[in-house]
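These notes concern the structure reproduced below.
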Amino acid sequence: MAVPLQLSFTLPESRRHHCFCPHLTSKTSRLQHLEDQALSALSHAVDNYGNVVFPCALITGDVVILDLLARLGHLESGRVPVIFIDTFHLFPETHSFLKSLETKYKFKARVFKPAGFETKKDYSAKHGSDLFITDVDEYDRICKVEPFQRSLKESGTDVMLNGRRRDHGAERAHLEVFEAGKPLKCNPLAYWEFRDCWDYVEANKLEYHPLHDQGFPSIGDEQSTVPVPKEKWFEYGGERSGRFQNMTNADGSAKTECGIHVMSDATSEKGPAAELASAR
Ligand SMILES: Nc1ncnc2c1ncn2[C@@H]1O[C@H](COP(=O)(O)OS(=O)(=O)O)[C@@H](OP(=O)(O)O)[C@H]1O
């Protein structure tokens, strides 16, 4: 359940009005406001909680968050570790992009793989090469959800950062900057739009995932990611429109998520999420 912002995090007075900021017609002022908000959220998380981690899929919004964390000094210092799930089904470009970012920002990601396997060959020997077709829920559990939960548990995670935004649509339409749960989630870009992320990347001349130039607005596993015509990228929900196309959940509903964020027991009952819940 979303936590009202004021319970856990208060924006400075000067920054109150920029969550939805249509009145800010200048691209530069809009970006400056959004940037300030995201930096405030990240600083709030780091200054008030113990273990803050960033599970990173290396898509455009994630690159923005990495850059903001680097500006705050939290990447090189290791204060905010970057978590990377190698699902064994990622594009090769994703692995090389990670290496490039590690060099640029001077961090080393904590890499987690499906339990019990070192390589895709080991994994395929047991599960075959098409588990994601024959049993997508089991595929998600083995390759994404379990390694993700393990990564949070082993990192003793109090707060998890991520790049989910309202304009992703579907389940994310009402996202807040801080979101109760175990662990607490911090979504510093919740009110950003996809265009804002690209404006930030362009303004700061950041390197971005090479597959964006091949027509992919969002990038995950190879089998659940397709290119999207550029004119659709910046429509509401456009970024994720190339993910999970024609895939369904076990109940027959359209698939929009892999369940990576559905976590129940990654941390103890006494974490910050429990504190927030009891404060409500
Ligand atoms: N490979 C990998 N490594 C580490 N963390 C990852 C990975 N894939 C997904 N994530 C995390 O899950 C968030 C949602 O990503 P996706 O939307 O791409 O996932 S999915 O659609 O549910 O498959 C994603 O949020 P973002 O920060 O918006 O990318 C991350 O928090």
Side-chain angles (χ1 to χ4, degrees), residues 38 41-42 45 52-69 80-98 101-102 107 109-114 120 132 136-137 139-152 154-155 157 159-172 175 177 179 181 183-194 196-197 208-209 211-212 216-226 237-245 247 249 254-263 266:
L42 292 171
V52 181
V53 305
F54 180 30
C56 182
L58 310 182
I59 55 179
T60 317
D62 292 340
V63 167
V64 173
I65 296 175
L66 281 175
D67 195 69
L68 294 171
L69 286 171
V80 178
V82 174
I83 287 174
F84 181 71
I85 311 300
D86 179 359
T87 65
F88 293 147
H89 293 72
L90 298 170
F91 291 90
E93 289 88 343
T94 302
H95 293 283
S96 29
F97 185 43
L98 174 62
L101 291 171
E102 286 179 327
F107 71 93
R110 295 181 182 171
V111 179
F112 290 81
K113 300 177 181 180
K120 182 167 187 178
F132 56 84
V136 70
D137 289 344
Y139 168 78
D140 284 348
R141 191 185 67 73
I142 293 170
C143 293
K144 295 183 162 192
V145 179
E146 189 285 328
F148 189 69
Q149 291 192 344
R150 180 162 29 97
S151 74
L152 296 183
E154 286 186 13
S155 302
T157 307
V159 182
M160 180 186 91
L161 309 177
N162 72 85
R164 286 148 64 242
R165 304 191 313 271
R166 290 183 163 212
D167 79 328
H168 283 141
E171 289 87 345
R172 304 180 184 182
L175 211 59
V177 174
E179 199 186 342
L184 181 69
K185 292 180 196 170
C186 170
N187 310 306
L189 310 185
Y191 290 88
W192 291 47
E193 294 177 1
F194 196 30
D196 301 313
C197 297
Y208 55 84
H209 196 301
L211 289 183
H212 292 309
F216 298 85
S218 175
I219 298 139
D221 282 343
E222 291 195 66
Q223 75 277 0
S224 59
T225 308
V226 296
E239 181 184 4
R240 288 184 63 76
S241 60
R243 303 292 307 282
F244 307 112
Q245 275 195 6
M247 294 176 76
N249 296 306
K255 190 170 179 64
T256 56
E257 303 268 358
C258 70
I260 210 166
H261 281 293
V262 182
M263 291 161 292

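Counting starts at 1 for both ligands and their atoms, following the listed order.
Proximity to Asp62 (heavy-atom distance under 4.0 Å) selects the following atoms of ligand 1: 26 (P), 27 (O), 28 (O), 29 (O). Every atom of ligand 1 with a heavy atom of Ile59 under 4.0 Å away is listed here by number and element: 29 (O). The distance from ligand 1 to the heavy atoms of Ile83 drops below 4.0 Å at these ligand atoms: 4 (C). Of all atoms in ligand 1, listed by their number and element, those nearer than 4.0 Å to a heavy atom of Asn162 are 25 (O), 27 (O), 31 (O). Atoms of ligand 1 found under 4.0 Å from any heavy atom of Arg164, numbered from 1 in the order shown, are 28 (O).
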Please test Asp221 against Lys144 for salt bridge (charged side-chain N to carboxylate O under 4.0 Å, His left out), starting from the C-alpha separation and ending with a verdict. CA-CA 10 Å; Asp221 282 343; Lys144 295 183 162 192; 3.6 Å; yes
For a side chain to side chain contact (heavy atoms under 4.5 Å, CB included) check, start with the C-alpha distance between Val177 and Tyr191, then their side-chain angles and the critical distance, and finish with the verdict. CA-CA 8 Å; Val177 174; Tyr191 290 88; 4.0 Å; yes
Tell me, with the steps shown, if Asp196 and Arg165 meet side chain to side chain contact (heavy atoms under 4.5 Å, CB included). CA-CA 11 Å; Asp196 301 313; Arg165 304 191 313 271; over 6 Å; no
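For Phe216 and His209, the ring centers sit 6.0 Å or farther from each other.
The closest approach between any non-hydrogen atom of Met160 and ligand 1 is not below 4.0 Å. A heavy-atom separation below 4.0 Å is found between Lys144 and ligand 1. For the ligand labelled ligand 1, residue Glu171 lies outside the 4.0 Å heavy-atom shell. Close to ligand 1: Cys56, with a non-hydrogen atom less than 4.0 angstrom away.
Counting only non-hydrogen atoms, the option in Gly163, Pro188, Pro147 that gets closest to atom 28 (O) of ligand 1 is Gly163. Closest to atom 7 (C) of ligand 1 by heavy atom, among Pro55, Gly61, Ala57, Cys143, is Ala57.
Residue contacts with ligand 1: Ser218 is placed with no nitrogen or oxygen under 3.5 Å of a nitrogen or oxygen of the ligand (distance criterion only). Not a single N or O atom of His168, backbone or side chain, sits closer than 3.5 Å to an N or O atom of ligand 1. Residue Ile219 has no nitrogen or oxygen atom sitting less than 3.5 Å from a nitrogen or oxygen atom of ligand 1, judged on distance alone.
Ile83 approaches Leu152 most closely through the heavy-atom pair CD1-CD2, 4.4 Å. What you find for Gly220 and Arg243 is that their closest heavy atoms are CA-NH2, 3.6 Å.
Here Arg172 has side-chain heavy atoms under 4.0 Å from ligand 1, and that is the only part of it that gets that close.
Each of Leu161, Asn162, Ile65 was scored for a side chain to side chain contact (heavy atoms under 4.5 Å, CB included) with Asn187, with one residue passing: Asn162.
If you take SG on Cys197 and CG on Asp167, they are separated by 7.5 Å, rounding to the nearest 0.5 Å.
Side-chain contact between Phe148 and Met160 is present, with at least one heavy-atom pair separated by less than 4.5 Å. Counting heavy atoms from C-beta outward, His95 and Asp86 have side chains that approach closer than 4.5 Å.
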